[in-house]
Structures are given as C-alpha cells and as structure tokens.
Colleague: 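Here it is: the structure, laid out below.
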Amino acid sequence: MRISLFITCYNDTLFPKTGQSVVRVLERLGHTVDFPADQTCCGQMHFNTGYQQEALPLMRRMTEVFRDAEIICAPSSSCVALIREQYQKLAESSGDASLIAAVNEFVPKVYEFSELLVQKLGVEDVGAYYPHRVTYHASCHLLRGLKAADLQLRLLRNVRAIELVPLEEMDVCCGFGGTFSIKNPDVSAAMLADKMKAVLNTRAEICTAGDNSCLMHIEGGLHRLRTGVRTVHLAEILASTEAGEP
Amino acid sequence: MTVRVADAASAAKFPILANGLVEDSQIRQNVRHATNVIQNKRARVVAEQHDWQQLRESASKIKEHTLQYLDRYLEEFESACIRAGGQVHWAIDADEANRIIVGLMQNAIEKNGWTREVIKVKTMTSDEIGLNHALEAAGIQPHETDLADMIIQLGEDKPSHIVVPALHKNRTQVREIFARKMGLPELGEKPQDLTDAARNYLRDKFEKVKIGFSGANFLIAETGGVCVVESEGNGRMCLTLPEMLITVAGIEKVIPRQQDLEVFLQLLPRSATGERMNPYNTLWTGVHEGDGPREFHIVLLDNGRSSILADKESRQTLHCIRCGACLNACPVYSRTGGHAYGSIYAGPIGAILTPQLQSMKHSQSLPFASSLCGACYEVCPVRINIPDVLLHLRGKVVERQQNSLSRGVSIEAVAMKAVAFIYAHPRLYALGQKFARVAQKVLVRKGWIHWLPGMLGGWTAVRDVKQLPDEPFRDWWAKREAAKRDEPMEKSYGG
Ligand code: SF4
C-alpha cells in the first residue's frame, strides 16, 4: 500500500526520529511511504489559539499537498483530531465550494499512526523488541478525540521483552494543552507535577505516548528535576528490533 | 440592558487568580478530595445505567428542540402558570429582576406586617443577579438554607462550585464558621454535629419567615409547573411552608412536557452527586387552596441568554442543567478550585457561560483556561461539546482584540501571523528551521535549554526543552531519497 506521511510541523522540526520510526515500521510491513515535501502545518496551533482565519489557508495547503495521496498517516493525534473535528466546519465557514469539496475528500484519508496499523492494516504485532520498563500515558486527543488509546496499548502489549507498567490516572491530562502551557503556566505546572508523580510511582525507565507534544511536556519536567526518566514516542518503540533502536 | 454576572466583569484574569490558588495547599487538598469522591460516585452509578448514552442523546435533543422554539415554549409556560394561579414576570437583566423581586417582597411585608426576612433554596441564578446584596440594601435579610450555601453566607465567602458551593472548605473549617457565627464554642466536628447545628439554626427561621425564594431546575411548558431537586429537604421547607413563594429562573430552564422530566431526572442526580435519585424532588404548579404558599411569582430572566441563543455555534451552552459534572472532571478546576474563574459559574461551563453572558466584553481569559482535554464533554449529561465552544469563543476573543484599535497590536497576534506566513511557504519554513538551529546555540547547555525569553519563559519556569536535533525529518528524508537515486538497488533504512 502507498502511504503518504504527514509528519506534522513539530515532529519534523523537533522529533525527526519519530518520523524515521514511522517510515521504518511501515516499510518493514511491506508498504511504500512517500513524503510530500511541500507540507508544513495543519493549522492546529492557530486554530486552537483563536486564530481560525490564519488556519484556513493552512488547511487549504494541506488539501493541495496531499491531493494525490491514497492514505495519509500522521504520528500525532491532536493534529488528526483537529483535521477530523474541525476541518469540515472551517471549510464550510469559508463558503468556498471547491474548498469544501477538497476537504471532504481529504479528511477520510487521514489516519493517526496506530489507527492506520490496527484499524486499516489490521496489524497488532509489528515485530518489535524493546527490553525496557515502560509506562504508557494516553494523550487526551487520542483517548477522547480519536478513541484510540486502546489501539496503542494493544500494539505495546505485542512488543517482545517490554515490561509494561500501568500508569495511575493514565487518562488525566498532563497539562500541556498547546498554548495553554504558556498562557496558564501555573495550572499547567500543577497538572504536570501530578503526572510526573504518577510516572515516577511506576518506577518505569521510559514514559511513552502517541503524541510528542505531551511527551515533550512531561520530559521537560522530568529532566528539570533530573529524575533520570525519559520519554519515547510509541513509534520509536514499535520501530525497535533485536537489531537496535532508532 | 446591562448584563451583570455577579461581579465577574471586574474580576482579575484567570491566570492571575489561579496563581495564588494553585499554591494554597489547603484548597488544593479540599478540592481534590471532594471532586474525587463525587467523581467516583458518579462513575459507579453511571456505569450501572445501561442506556446512559441514549439518555444523553435524548436530553441533548430535547434541549436543542426547546431552544429552537424557545419563544413558543416560554409563552406556553406563561399561560399555563397563570391559569394555575401563578404570576409571571419577565426580567431583561439582573437589575430588573432584583427590582421586581425586592418590590414584590416589600409590598407583601408592608401589607401583611411580616418579618423582613426571606428563606432561600439553593439557587445559582440568584447569585448571578446578586440578589442578596439587593435584598440587604432594601433592609430584607436573606437566609440561605442549603447547608453549603449557609456555610458560604455565614463565612462571608463566595461559592466555588455550582452544586457544592462550599466544596473548597473541609469539615474543620465548617465547624469553625458555625461555632463562631452560631455562638456554639463547644460544637463537635462530626457530620451529625454540624447538621444538628444547622437544623437548630434553621428551624426557627422556617417557623417565622413568611417569604420563600427559590431557583428552578426545570420549568414545564405544558403544565406551567416548576421542578426543584435537592438533597437536604430544607428546600422543600422553603417551597411549602411560607405564605409567599418567589422563583427566579433563566429562560433556558423550560422543557416542553412533564414527561421530559423522565430523562432529566435520571441524568441530573447521577451526574451531580452520584445518586440514583435526588432525595427531594419538589414539583408544583401555581397555587392551591389550603396547600403550600398562597401566592406564587416566577421571574423569567434573560440577562444575556438571548444573545447566546443567537449564536448557532455556542447555543448549546444553554443546554446546561448545572450538574457540575464537568467541574469535577476538569483537571484545571481540580487544581484551582472555583474562585479562579472570577464568577459564580466556575469550571468548564463557567469558562464558556460567563464570557458569553457578558457578550464577550469581559472574562476574556476564561475561554483559554482549558487544556482542551475533553474530560468535560465526556461527562456532560446533555452532551455540550465544551471544547468546541471554547475554541469558538477563543476565535471571538481574538477577533475582538484585533478589531479594537485602542489596544494596539499584540505581540501574540504578530507572532501568530508571522508563523502562519512561514507555514504557508515551505522554503521559508525550512529556512526557519535552520535559523532556529543556529539561534538556539546561545541557550543550549549540554543538549538542553533551561531558559527561554518572553512569553516562552512560562514554559522554562518549570520545564527544560531538548535542543533542536541536528537535522529535521525533511532533511533526513531528502538525503535518503537522494541516496536511493544514487544506489537504486540497495534499500536503505534510516536510524
Ligand atoms: S455543562 Fe454539562 S456537565 Fe457541566 S454543569 Fe452543565 S450539564 Fe453539567
């Protein structure tokens, strides 16, 4: 199957290893990956901060860049949730019939990485090997937006040698929330403190999730306090084999 | 018309109010404990209701339908209520409502020589319009009879939760307030001691006060009836013992038929207090000879509601049945408590309701007081998509800011527009990545950044950031593609 990768702007810039891991897993499963080079951002930050008019041209770009794609895969549930929950409404608000049509065609082609694996490709065991003690945080958009946290746990349970330890209050927000963490730094920090406490209680070496945005937030706190616990995107765990980690 | 939501218009911004509250260990402890207890109870009784999702769907549909024909249903309610012997008043805003209510009480007190007091059932709407202040200014003493409201009134405090207004106080603190205000230095701290004290304190008021005051959970258009649910029975006393009863209700409280209560009376108690049924469900229609108050007035309040009705995107805000489930589920509310919202409506529903009641002129930090985690939407019994409404309101706040020239152009707006421009041009975007990699050098220490300037400093106050990687994904991909072209036979993996 030909799969077009929407890497998302922050994964592209800050977490290239996640993208590399997605490519590695999909190619290992025998699929062809392509990466439309003109892609940038889905408009999430703008949309969620109230700059919806600025998000509109970015949405239009997305439909143009991925016009020829059959299936689009993004390793970020918040971007996929924005596309799925807001794109059609945003297009309608523009009153532009061709944009509405383009968006209607684009949206059903988009899958979050674990949705693609489990729901579209029917794979739960991707042949990964990861000998670490790991705890899993369900990011809000994955859990409540896409309702796909269960898919990620299934993928993780099939990883060989992993020691998966449950996270207390796994479903409570870590406090990132995009610009929320900057506009409301005190409340965000208070939420982060509780999330870190839960992570530390598991005595895991690694905290994983399907979204680097939450992980960047959690890792930022864990590193500040020198806890010696790191965060790793789910795709990187799935890409690991006996031959090595990405 | 001047819409007032208590003193929310002059409240400080959410981040400022929250700052002090997140550091108050007692409030953190009390709020966390109370919301956990209610959440767990709610989860248990919701899980046993197999048709919960269908009930939510029905409730949402009933509300949607009612709001669409609100004018008709309100008129239907008005005529049915009058037929049953009630008197209906309409108030465009808080001031008009207060004038009507105070006027009715003044007249009745003078005519009948009653004591200048009123006993009140728990009502958020009366807090919204600031009724107690208006009553005190007119020399009428209001007595809150709901236990939590009594604690707030006696403690000269403000409500912090729409169902459990004194949720931020623990038992020791309540004992202290009662002991001091009721003159009971020996008072114990057991729940029984506290309820006994409240009972004695209230009994005397129930016996002598002739005017009762309430809000409403539901107004029934078909019958002109009013429904109030509560847990303590003190509300029932206020609704049945006095000679005169006055009720205030927002215009969105109307439902078409008595039968619709079936849906709401299953959803509300389970969502609000984790009970299968409220201990007291009082339903009355007009007045009845020899039974209950001889005079019944209802004040139907707009106070900004019709402007919410006019906005299709956020109209669903008016579906709210004030169960408080979204507050208990909210990770932001549970870290700050209700006082951070600067309004009597706290939590996720407060974050969307307060600024809209004020036509988005005030409380503009509230739509941003959420991480958009969606926990509120998940529990809301009438399925209000609060995150969606928050996003819609954020758009309105930004629009207002951009249209008001007096404020000048905000740094945020400039940054957002610049970033949008860069994102629209892939070459610029790639250049930006390179620039950032060079620029970060002054900040990086051993692979991490511990300090960022300006607004971003909020991040590095408690978090580090990893330095940018040597090459973004797109560069890695381009190299790999180039290598593939050079050696077409060899398959290359990244890593
Ligand atoms: S918004 Fe929904 S959950 Fe929140 S108080 Fe209203 S009805 Fe309850």
Side-chain angles (χ1 to χ4, degrees), chain A residues 7 9 11-17 19-20 23-24 27 35 37-41 43 45-52 54-55 57-58 61 85-86 140-141 143-145 172-173 175-192 216-217 219-221 223-224 244 246, chain B residues 14-15 18-19 22-23 28 331-332 335-336 340 365 367-375 377-378 388 391 394-399 412-413 416-417 419-420 422-424 426 429 433 436 448 450 455-456 458-459 461-466 468-469 471-478 493-495:
Chain A
I7 182 68
C9 62
N11 279 321
D12 177 21
T13 309
L14 301 168
F15 303 98
K17 234 195 240 180
Q20 291 159 13
V23 173
R24 199 194 263 221
E27 289 185 346
F35 178 75
D38 270 355
Q39 62 179 278
T40 55
C41 169
M45 177 179 77
H46 289 90
F47 192 92
N48 286 359
T49 313
Y51 293 82
Q52 278 120 23
E54 278 69 25
L58 297 176
R61 287 198 81 251
E85 290 162 9
Q86 306 296 344
C140 299
H141 285 102
L143 183 75
R144 284 177 281 264
V172 176
C173 178
F176 174 59
T179 42
F180 172 77
S181 58
I182 293 170
K183 285 179 185 272
N184 287 285
D186 297 305
V187 185
S188 171
M191 290 161 72
L192 175 60
M216 178 171 83
H217 186 237
E219 179 169 60
H223 185 268
R224 170 61 59 92
Chain B
F14 181 87
N19 176 285
V22 292
E23 286 174 30
R28 285 284 291 275
V332 173
R335 302 313 188 285
T336 63
S365 62
F368 296 90
S370 162
S371 66
L372 303 174
C373 82
Y377 180 29
E378 194 173 52
D388 244 22
L391 287 172
R394 288 180 184 189
K396 287 188 144 188
V397 169
V398 167
E399 201 181 309
E412 180 190 284
M416 283 287 175
K417 282 186 201 279
V419 173
I422 292 169
Y423 280 156
Y429 166 80
Q433 289 179 327
W448 289 82
H450 307 285
M455 270 167 60
L456 298 175
W459 179 276
V462 295
R463 309 163 193 86
D464 294 337
V465 206
K466 238 185 210 151
L468 292 174
E471 67 178 2
F473 176 83
R474 62 183 54 236
D475 292 4
W476 172 83
W477 177 270
Y493 288 122

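Keep in mind that what you see is a predicted model, and the values were worked out from it rather than measured.
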Colleague: For A/N11 and B/F473, run side-chain contact (heavy atoms from CB on, under 4.5 Å): C-alpha distance rounded to whole Å, both residues' side-chain angles, the deciding distance at 0.1 Å, then the answer.
Modeller: CA-CA 8 Å; A/N11 279 321; B/F473 176 83; over 6 Å; no

Colleague: Using only atom types and a distance under 3.5 Å, with no angle test, would you say the side chain of B/R394 pairs donor to acceptor with the backbone of A/Q52?
Modeller: no

Colleague: Mind checking side-chain hydrogen bond (donor to acceptor under 3.5 Å, both in side chains) for B/S365 and listing every partner two or more places apart, or none if nothing turns up?
Modeller: none

Colleague: Do B/C373 and A/R144 touch side chain to side chain, with heavy atoms closer than 4.5 Å?
Modeller: yes

Colleague: What option among A/H46, A/M45, A/M216 has the most heavy-atom pairs under 4.5 Å with chain B?
Modeller: A/H46

Colleague: For side-chain contact (heavy atoms from CB on, under 4.5 Å), just list the numbers for A/H217 and B/W459, CA-CA rounded to whole Å, side-chain angles, deciding distance to a tenth of an Å, and then say yes or no.
Modeller: CA-CA 9 Å; A/H217 186 237; B/W459 179 276; 3.8 Å; yes

Colleague: Which answer fits A/L14, side chain, backbone, both or neither, if we ask what part of it has an atom under 4.5 Å from a heavy atom of chain B?
Modeller: both

Colleague: Chain A: which of B/K396, B/E399, B/E378 shares the most heavy-atom pairs with it under 4.5 Å?
Modeller: B/E378

Colleague: Is any side-chain heavy atom of B/E412 closer than 4.5 Å to one of A/T49?
Modeller: yes

Colleague: Is it the side chain or the backbone of B/A424 that comes within 4.5 Å of chain A heavy atoms, both, or neither?
Modeller: both

Colleague: Which residues satisfy the side-chain hydrogen bond (donor to acceptor under 3.5 Å, both in side chains) test with B/N19, sequence neighbours excluded?
Modeller: A/D186

Colleague: Given side-chain contact (heavy atoms from CB on, under 4.5 Å), test A/F180 with B/L372 step by step and report yes or no.
Modeller: CA-CA 9 Å; A/F180 172 77; B/L372 303 174; over 6 Å; no

Colleague: May I ask you to name which of A/L192, A/I182, A/T179 has the most heavy-atom pairs under 4.5 Å with chain B?
Modeller: A/I182

Colleague: Please look at A/A37 and chain B and tell me whether the side chain, the backbone, both or neither of the residue comes under 4.5 angstrom of a heavy atom of that chain.
Modeller: backbone

Colleague: Using every non-hydrogen atom in the two residues, find where B/R335 and A/V187 come nearest and quote the distance to one decimal.
Modeller: CB-CG1, 4.3 Å

Colleague: I want to check something: taking the side chain as every heavy atom from C-beta on, are B/L391 and A/F47 in contact at a cut-off of under 4.5 Å?
Modeller: yes

Colleague: Identify which part of A/L143 has an atom lying under 4.5 Å from any heavy atom of chain B, answering side chain, backbone, both or neither.
Modeller: neither

Colleague: Can you give me the closest heavy-atom contact between B/P15 and A/K183, atom names plus distance?
Modeller: CG-O, 3.6 Å

Colleague: For the residue pair A/D38 and B/P426, what are the closest heavy atoms and their distance?
Modeller: O-CG, 3.4 Å

Colleague: Name the option with the most non-hydrogen atom pairs under 4.5 Å to chain B; the candidates are A/G175, A/A190, A/P185, A/G177.
Modeller: A/A190

Colleague: Determine whether A/E219 and B/K466 make a side-chain contact, defined as any pair of heavy atoms from C-beta on separated by less than 4.5 Å.
Modeller: yes

Colleague: State, with a plain yes or no, whether a side-chain heavy atom of A/K17 is found less than 4.5 Å away from one of B/P469.
Modeller: no

Colleague: Would you say the side chain of B/W477 lies within less than 4.5 Å of the side chain of A/I7, judging by non-hydrogen atoms?
Modeller: no

Colleague: Mind checking the CG-OH spacing from A/D12 to B/Y429? Nearest 0.5 Å is all I need.
Modeller: 3.5 Å

Colleague: Looking at side-chain heavy atoms only, is the closest gap between A/Q39 and B/R474 below 4.5 Å?
Modeller: yes

Colleague: May I ask you to check whether A/S188 and B/R463 show a side-chain donor-acceptor distance below 3.5 Å?
Modeller: yes

Colleague: Please flag which part of B/V462 lies under 4.5 Å from any non-hydrogen atom of chain A: side chain, backbone, both or neither.
Modeller: both

Colleague: Return the option, out of B/T336, B/V465, B/V332, with the maximum number of heavy-atom pairs under 4.5 Å with chain A.
Modeller: B/V332

Colleague: Which residue out of A/A55, A/G221, A/C9, A/G244 racks up the most heavy-atom pairs below 4.5 Å with chain B?
Modeller: A/C9

Colleague: Parallel, tilted or perpendicular: which one describes the rings of B/H450 and A/H223, with boundaries at 30° and 60°?
Modeller: parallel

Colleague: Please report the shortest heavy-atom distance between B/D388 and A/Q86, naming the atom on each side.
Modeller: OD1-NE2, 2.6 Å

